[in-house]
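Reading through the structure tokens given below for one structure.
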4 protein chains.
Amino acid sequence: MTSAGASRPLRADARRNRARVLAAAEEVFAAKGTGASTDEVARAAGVGIGTVFRHFPTKEALLAAVLVDHLRRLAEQADALADARDAGAALFGFFTHVVEQAGGKNAYTGALAEAGVDVGGTTAEFGARMRSALERLLARAQRDGAVRPDVGVAELLALMVGVSRAGEHAGREVQARAAAIVLDGLRPRAADI
Amino acid sequence: MTSAGASRPLRADARRNRARVLAAAEEVFAAKGTGASTDEVARAAGVGIGTVFRHFPTKEALLAAVLVDHLRRLAEQADALADARDAGAALFGFFTHVVEQAGGKNAYTGALAEAGVDVGGTTAEFGARMRSALERLLARAQRDGAVRPDVGVAELLALMVGVSRAGEHAGREVQARAAAIVLDGLRPRAADI
Amino acid sequence: MTSAGASRPLRADARRNRARVLAAAEEVFAAKGTGASTDEVARAAGVGIGTVFRHFPTKEALLAAVLVDHLRRLAEQADALADARDAGAALFGFFTHVVEQAGGKNAYTGALAEAGVDVGGTTAEFGARMRSALERLLARAQRDGAVRPDVGVAELLALMVGVSRAGEHAGREVQARAAAIVLDGLRPRAADI
Amino acid sequence: MTSAGASRPLRADARRNRARVLAAAEEVFAAKGTGASTDEVARAAGVGIGTVFRHFPTKEALLAAVLVDHLRRLAEQADALADARDAGAALFGFFTHVVEQAGGKNAYTGALAEAGVDVGGTTAEFGARMRSALERLLARAQRDGAVRPDVGVAELLALMVGVSRAGEHAGREVQARAAAIVLDGLRPRAADI
DNA sequence: TATGAATGAGGATTCATTCAT
DNA sequence: AATGAATGAATCCTCATTCAT
């Protein structure tokens, strides 16, 4: 009850532990699905369970944190592309990149899925950030005639989620071919020009 | 040559109960995910747990049965379309239909996902049946110039799974628009003609 | 509610089934221990579980019946020996025979164990019969100087049980040597003569 | 080279609880047989079931631990006697002692039985220790002419198990008389001298 | 009478969460 | 703040027993 604020700065070692747990959780959940036990995460992080629960008071909170972390990274990447010279190429590149790295990992596609929808909490924050970065990119790509004009961010995200998820079962090449088809679908039809 | 079953015709009441359990399982798993408890399925079916386990000796077996049941239905529908006059329309119609009825229900997309991959057991049987029906439809649609020639069943299924899954979070309209984009991506490009 | 008596004569096929169940039970319990399920007994007997429970209203009852059956056989064998020329040899032979055929089978040693004690019910009946046959044999062997005079049936039975049980873990030869030692212990000491 | 344990010294309270669980298990299993439920053991120990399973990850493991604990005690007692002045008296005393304290308690005779056989795991360790202590005692007793020369440890153990087990049904006095007969059987015959 | 399906209490085990050290 | 032991509700599954066919 020292300061009062929402989230004291956190001692250096505590911050380090939080990061370790988060990283371990990402790895474990990606590898074994969200059903993996908290214990396993603790072991992977090299800390006691108590520590996991101190930082993330609930398993759900831990899962959310993993998603947020992922969204944050995606948002940053999208942000970095927002002003790219060739918006169309950037958008398609981002799509491909996301889908590839998701590579069927539950934890990642989960994060993506949340971005397309309005979940409460911090998740929303980064989801929104990514959405808006994507929105700008999409608008520019459409203005440039690289993407058909009747597509919205929502569909775009849904398709990213979809192709990512498809990869959970299909192999890498099938996923790549599916992605190619979707990207083609996003291009303007000849008739539209 | 039915992989395992066939033991005996099953008494009338037993068959009725088996069906009730299966229906309940489909509903429960679709609504709450495959994590729902067997107890809940039993309650939903209005039978004792013992009955559930008598018919499906393992939770996994129950889940598999749900999938098989779905695949069976899908396979039947695909079969029915195999000789349709307009193969392209039939294929697109099937795609839309599947994606719509999946409507984000775990159990359904799960079934679909299995079809694209070679899981062992009875699941494979119906998955294969559906794949081959789809294969015929696809080949004809390609011959008719309704679908681009470089698409395979694997991608087709992957996209069906993907769009279905995308619907788990996105709303109905977003899903529909995503589906439209994918279908467009499947059509031959102007240049190809 | 036809006759009234304690146990109607039982239809021919019913009697046959009872015997089949009993035989199966003996085999199954001997092989897998008394923990084996009633279902397994039914399957081994080639009848439905309902039939098992019709003849033996309880698993305990079934176990008891197995014991009784075994005791009955032992009693008959003991009876047959009661008038043997050489009582000592007969007694020792019986001991060896019992111990050998028990061969570590739970079901059999169980039966034996019950014989030495006053359990209620039918078990007692055959236990008593065997005890008395053994008693006569023992008395004669003692009169002949083949067995030390201070031994009672109770100890004799206890030792039969004990050596039989020892066989559950030890191998056959060890059991045989143990039996030899016990038999030696039963003989009169040199000094006693 | 302790087979599995040794991981870490175990916190003081944890060690206390482990001991409590073990003691409770010994009591419960001795009283009601190994079929008694783990729940019952937990209740008897005054801890939650979770605690039982934390210390003994399996019911089988718990049973094994009970056996090991007993074997350890027996091994210690046998060790203590190994150098006794009068080896014969010590051996007979040990036999009697073991048989008496087993007193028909399942758990105890179980432990004994395991000693005579080579079960894997830690059980073997203490079983072996006891066997070798007994071996030395036996050899000396035989050299002193207190025990017939053609007896091996295996038989000795088998007889200890046997007489202990016999006590499960027979009363205390009958068991004592049976033990006396066995001990007599172990002595050298007059003719052997 | 025989059958085998239905029942549900009971048992082993897991795991998120709390709390003493 | 970190640890890891303790907790017990929840879950899957088995099996003796009952009952409709």
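Values in this document were obtained by computation on a predicted structure and should not be read as measured data. We name chains A, B, ... by the order of the sequence lines, and we start the count at 1 in each one.
Distance from the side chain of S37(C) is smallest for dA16(F) among the nucleotides dA16(F), dC15(E), dA1(F). Considering only the side chain of K59(D), dA12(E) comes nearest among dA2(F), dA12(E), dA5(E). Comparing dA6(F), dC13(F), dA6(E) against the side chain of N17(B) picks out dA6(E) as the nearest. The listed nucleotides are dA5(E), dA2(E), dC13(F); the one nearest the side chain of D13(B) is dA5(E).
Listed in residue order, the members of residues 44-53 of chain A having a heavy atom less than 4.0 Å from DNA chain F are V47(A), G48(A), I49(A), G50(A), T51(A).
Two residues, R16(D) and T58(A), neighbour DNA chain E, and the one matched to the more 5' nucleotide by heavy-atom proximity is T58(A). Residue whose closest nucleotide on DNA chain F sits further toward the 5' end, between T38(B) and R54(D): R54(D). When each of P57(C) and G35(B) is assigned the nucleotide of DNA chain F bearing its nearest heavy atom, the one mapping closer to the 5' terminus is G35(B).
In this structure, the CG atom of D39(C) is 9 Å from the C1' atom of dA16(F), given to the nearest Å. Between R43(B) atom CZ and dG8(E) atom P there is a gap of 12 Å when expressed in whole angstrom units. Distance, K32(B) NZ to dA10(F) C1': 14 Å, rounded to whole Å. Straight-line distance from the CG atom of L62(C) to the P atom of dT17(F): 10 Å, rounded to whole Å. One can place CD of E40(D) at 16 Å from P of dT13(E), the figure rounded to the nearest angstrom. Between the P atom of dT1(E) and the CZ atom of R20(C) lies a distance of 17 Å, rounded to the nearest Å.
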Quiz prompt | Dot-bracket pairing map - DNA chain E, Watson-Crick plus G-U, both contacts under 3.5 Å, | cross-strand | solution = .||||||||||||||||||||

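With respect to R72(A) and E26(A), no salt bridge is recorded, no charged nitrogen being found less than 4.0 Å from a carboxylate O.
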Atom pairs and distances, side-chain donor-acceptor, residues 35-44 of chain D, under 3.5 Å, sequence neighbours left out:
from: S37(D); atom 1: OG; to: D39(D); atom 2: N; distance (Å): 3.4
from: S37(D); atom 1: OG; to: E40(D); atom 2: N; distance (Å): 3.1
from: E40(D); atom 1: OE2; to: K32(D); atom 2: NZ; distance (Å): 2.6

